[in-house]
Amino acid sequence: MGRSAEYLEARIGIGHEHRAWVEVDRGAIAHNVRQIRSLLSPRTRLMAVVKADAYGHGAVSVAQIVSEAGVSGFAVATIPEGIQLREAGIEKPILVLGAAHTADEVEAIAHWQLQPTLCTPQQALLFSETLQTSGRSLWVHLNIDTGMSRLGTSWKKALDFVQLVRGLPHLEISGIYSHFATADSPDRTIMDRQHRRFRGAIRQIADILDRDRRPCLHLANSAATLADPDLHYDMVRVGLSIYGLYPAPHLRSAADLKPAMSVRARVTQIKTIEAGTGVSYGHQFVAPERTRIAVVGIGYADGVPRNLSNRMKVLIRGQFVSQIGAVTMDQLMLDVSDIPDLQVGEVVTLLGGEGDRAISADDWADQLGSISWEILCGFKHRLPRILT
Ligand SMILES: *Cc1c(COP(=O)(O)O)cnc(C)c1O
């Protein structure tokens with residue numbers, strides 16, 4: 001085992017204490033931010049979307065990495081996600097994309113100096129009334145629904161909404177934004193329609209806003225940022241691409257992105273089973289011949305989708321190896337018949353590269369009929385995150 005441990009540490013520079021972990025490549029994240037920045041005009045701000053623990057990469061460390069790489073603020077989905085960044089000492093603006101409904105939430109937002117999204121007149125009234133007690137004012141963003149049909153006030157009522165908020169005490173409009181439903185599609189029909197609605201609403205609003213206190217207008221997610229500079233406005237809200245994935249294949253030519261996340265685990269046992277022996281729950285795999293199998297210490301509770309059971313490949317020593325049988329909560333099995341000298345403790349790569357081969361979140365998403373966003377944020381807190 002001694003030699004094997006040295007071999008492993010030399011190979012990836014990580015000690016033996018972890019059965020499975022997520023590696024986050026700082027250099028890749030900084031590189032992706034630079035790539036995205038290079039698409040923006042100097043006056044366009046870049047907001048890093050770090051909701052869902054930065055898509056599984058670890059919100060605090062990602063926020064620290066991108067702060068240094070030229071990001072002007074952050075977006076999170078929930079108030080606790082915003083508090084987590086503030087507690088870690090992040091001082092830049094933090095937009096909460098989700099809706100708040102109670103006085104307690106308003107007070108938490110004010111206490112932690114987060115910038116809430118206001119989606120409805122009722123919410124605006126709640127915020128204004130709740131802030132009366134403390135006398136504080138809050139910077140807020142107004143969400144205009146131009147066709148996503150999720151949060152926000154209809155573009156048709158945008159003018160009334162802005163007028164109402166402007167008249168309420170304790171609220172200052174920091175931004176006005178909308179969100180695309182189909183920015184990752186090569187067919188731009190729906191995106192263009194949403195853009196026309198946004199532009200129309202903004203034109204009406206412009207007449208009632210003070211020229212010198214114009215709110216920050218923002219519309220583009222990763223896909224729209226890569227697709228078209230006309231959609232950048234004052235700020236873009238980029239999530240996925242910071243983590244190195246493309247929202248769609250046709251956007252690959254727009255920037256050179258590097259995936260930042262790798263998922264690795266160790267072999268915890270090796271055994272040989274006879275022909276006819278079933279493997280794992282349900283015996284989905286039955287050995288057709290004498291087979292050497294390895295047990296690996298990672299499972300669906302860590303974020304490996306159970307639906308990939310018996311059809312995924314992993315990398316060991318730079319070679320593809322088949323996963324066999326059902327993925328279980330904490331372990332999965334591999335057919336390692338082709339690596340007779342494999343040792344317990346050796347490293348298995350589930351996502352990421354080894355040598356000149358790599359497995360990407362897009363490969364898993366394609367196999368599952370899902371999207372890379374879901375794969376990345378499936379890796380939750382049970383796995384330690386190691387910055388490389
Ligand atoms: C999640 C989210 C984003 C980021 O989307 P990506 O496709 O990951 O870049 C931007 N804006 C809003 C409102 C979001 O909910």
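Each ligand, and each atom within it, is numbered from 1 in the order the structure gives. Residue numbers run from 1 in the order of the sequence given.
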TODO: Let me know which of Gln331, Lys380, Arg382 forms a side chain to side chain donor-acceptor pair (under 3.5 Å) with Asp302.
DONE: Arg382
- [ ] For the residue pair His218 and Tyr177, categorise the inter-ring angle as parallel (less than 30°), tilted (30 to 60°) or perpendicular (more than 60°).
- [x] parallel
- [ ] Go through the side-chain N and O atoms of Ser137 and Glu172 and say whether any donor and acceptor fall under 3.5 Å apart.
- [x] no
Task: Modelled atom types, side-chain donor and acceptor of Tyr300 and Ser309, under 3.5 Å - done: no
Open item on the list: So if I only count non-hydrogen atoms and take anything under 4.0 Å from ligand 1, which residues does that give, chain by chain?
Closed with: Val49, Lys51, Tyr55, Leu97, Arg150, His179, Asn221, Ser222, Arg237, Val238, Gly239, Leu240, Trp373
- [ ] Under the salt bridge (charged side-chain N to carboxylate O under 4.0 Å, His left out) rule, what do Arg292 and Asp341 come out as? Steps first, then yes or no, please.
- [x] CA-CA 11 Å; Arg292 215 168 127 73; Asp341 62 339; over 6 Å; no
Open item on the list: For Ser72 and Lys92, which I'm curious about, is there any donor-acceptor pair between the side chains at under 3.5 Å?
Closed with: no
